[in-house]
Amino acid sequence: KQMTSQFGLYGLAVMGQNFALNVAEHGFRISVGNRSPAKVDECVARAKKELGDQASNLVGYKEPKDFVQSLERPRKIMFLVKAGSPVDACIDLFAGLLQPGDILIDGGNEWFENSIRRAETVKPKGILYMAMGISGGEEGARNGPSLMPGGPREGFNAIEPIIRVVSAQTDSGPCTTYLGGAGSGNYVKMVHNGIEYGDMQLIAE
């Protein structure tokens with residue numbers, strides 16, 4: 001019987017690839033997928049090059065159905081795609097393949113009200129919708145980002161054992177915590193970005 005993965009990541013631009021490699025490097029089995037299959041091959045090749053003994057933790061899938069079926073229940077599928085219509089396309093792609101209790105996680109920089117709307121859209125299907133701000137850029141995604149999850153508490157409890165380990169680690173603990181209901185992770189990331197850009201302008205001046 002094929003081993004199941006503990007986490008799935010769809011959307012393999014640099015941020016997605018780096019976050020997937022981070023998860024695999026920490027000992028979690030992860031399935032990866034992408035709309036264009038070439039990126040799947042690229043990510044698997046990077047795992048073989050960068051992860052040594054942990055390379056087999058990252059498994060690539062080119063068909064969404066195979067990707068979904070490779071995941072243990074409740075399924076945890078994170079997508080890292082551009083905000084806006086690509087997020088809706090991801091939800092449409094997976095919603096029909098998931099079961100009640102499965103979790104969708106938007107890791108992009110989305111407007112918080114859109115996440116609240118999407119959470120309501122998938123609620124009748126029993127799907128738990130999380131939106132999780134990520135800070136640290138490409139390097140952070142690979143080596144330890146700040147993760148800002150919002151959504152149902154049940155969804156957070158399911159992903160917490162993974163995100164606690166792969167996030168940046170400090171003297172006061174991991175750079176992640178539960179931030180509240182739908183959209184709250186996006187809202188915190190928005191405030192975080194405002195402070196960051198203010199700091200950068202002060203430094204520039």
Side-chain angles (χ1 to χ4, degrees), residues 6-28 30 32 34 39 43 46 50-51 58 76-87 90-91 103-119 128-153 155-205:
Q6 296 154 283
F7 199 75
L9 191 138
Y10 191 85
L12 295 173
V14 179
M15 280 288 288
Q17 287 191 29
N18 282 6
F19 192 79
L21 291 164
N22 179 4
V23 171
E25 193 165 50
H26 282 91
F28 300 104
I30 181 169
V32 299
N34 191 70
K39 292 281 187 188
C43 190
R46 278 190 65 194
E50 296 178 30
L51 300 186
L58 189 146
K76 297 169 277 292
I77 297 178
M78 178 173 168
F79 40 89
L80 272 165
V81 297
K82 281 183 184 172
S85 58
V87 174
C90 272
I91 293 168
I103 303 153
L104 284 174
I105 308 147
D106 176 13
N109 261 343
E110 187 53 272
W111 177 239
F112 72 97
E113 290 180 338
N114 288 342
S115 294
I116 294 169
R117 170 179 58 79
R118 289 172 181 136
L128 305 176
Y129 191 81
M130 307 287 298
M132 182 167 71
I134 300 179
S135 183
E138 294 169 6
E139 189 178 326
R142 180 68 182 83
N143 300 308
S146 170
L147 300 173
M148 300 163 238
R153 185 85 206 201
F156 173 78
N157 290 345
I159 66 171
E160 196 259 350
I162 297 173
I163 65 171
R164 185 184 68 227
V165 175
V166 304
S167 64
Q169 305 296 313
T170 74
D171 293 341
S172 56
C175 281
T176 190
T177 192
Y178 180 62
L179 295 172
S184 58
N186 299 133
Y187 198 93
V188 170
K189 178 73 196 297
M190 176 178 68
V191 174
H192 163 107
N193 281 0
I195 295 166
E196 177 188 354
Y197 300 153
D199 282 346
M200 288 194 293
Q201 188 165 339
L202 286 168
I203 292 164
E205 288 177 1

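Counting from 1, the numbers follow the sequence of the chain as shown.
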Can you name the closest pair of heavy atoms from [X] and [Y] and give their distance?
X: Gly150; Y: Ser184; result: CA-OG, 3.5 Å
X: Thr170; Y: Cys175; result: CG2-SG, 3.6 Å
X: Arg142; Y: Glu25; result: NH1-OE1, 2.8 Å
X: Leu128; Y: Gly155; result: CD1-N, 3.8 Å
X: Val166; Y: Pro145; result: O-CD, 3.3 Å
X: His192; Y: Ser135; result: NE2-OG, 2.7 Å

Margin query: Using only atom types and a distance under 3.5 Å, with no angle test, would you say the side chain of Lys189 pairs donor to acceptor with the backbone of Met132?
Written below: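 Flag not set: sc Lys189 to bb Met132 has no pair under 3.5 Å.
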Rounded to the nearest 0.5 Å, what's the gap from [atom1] on [X] to [atom2] on [Y]? Could you check?
X: Phe28; Y: Lys76; atom1: CZ; atom2: NZ; result: 10.0 Å
X: Thr177; Y: Ile163; atom1: OG1; atom2: CD1; result: 8.5 Å
X: Glu113; Y: Ile116; atom1: CD; atom2: CD1; result: 6.5 Å
X: Asn18; Y: Arg46; atom1: CG; atom2: CZ; result: 4.5 Å
X: Met130; Y: Arg153; atom1: CE; atom2: CZ; result: 9.5 Å
X: Leu147; Y: Glu160; atom1: CG; atom2: CD; result: 11.5 Å

Next item on the list: Please determine which of Asp106, Ile105, Leu9, Asn34 meets the side-chain contact (heavy atoms from CB on, under 4.5 Å) test together with Phe79.
Entry: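 Result for side-chain contact (heavy atoms from CB on, under 4.5 Å) with Phe79: Asp106.
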Item checked: Aromatic plane relationship, Tyr187 with Phe112 - under 30° parallel, 30 to 60° tilted, over 60° perpendicular ->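 Perpendicular: the ring planes of Phe112 and Tyr187 meet at over 60°.
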Next item on the list: Could you walk me through whether Val87 and Val81 pass the side-chain contact (heavy atoms from CB on, under 4.5 Å) test, one step at a time?
Entry: CA-CA 7 Å; Val87 174; Val81 297; 3.9 Å; yes
Item checked: Test item: Leu80 and Ile134 side chains (from C-beta on) under 4.5 Å apart, heavy atoms ->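 Yes, their side chains come closer than 4.5 Å.
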Next item on the list: Answer yes or no: is there a side-chain heavy-atom contact under 4.5 Å between Gln17 and Lys39?
Entry: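 A side-chain contact exists here, since the closest heavy-atom pair is under 4.5 Å.
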Note to self: Once ring pair (Phe, Tyr, Trp, His ring centres under 6.0 Å) is applied, do any residues pair with Tyr129, and if so which ones, sequence neighbours excluded?
What the structure shows: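 So Tyr129 forms no ring pair (Phe, Tyr, Trp, His ring centres under 6.0 Å) with any residue.
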Item checked: Sequence-distant partners of Arg118, salt bridge (charged side-chain N to carboxylate O under 4.0 Å, His left out), two or more places apart ->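 Expected list: Asp88, Glu110.
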Checklist line | Phe156-Tyr178 aromatic ring centre distance below 6.0 Å | finding: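 Yes, the ring of Phe156 comes within the 6.0 Å limit of the ring of Tyr178, centre to centre.
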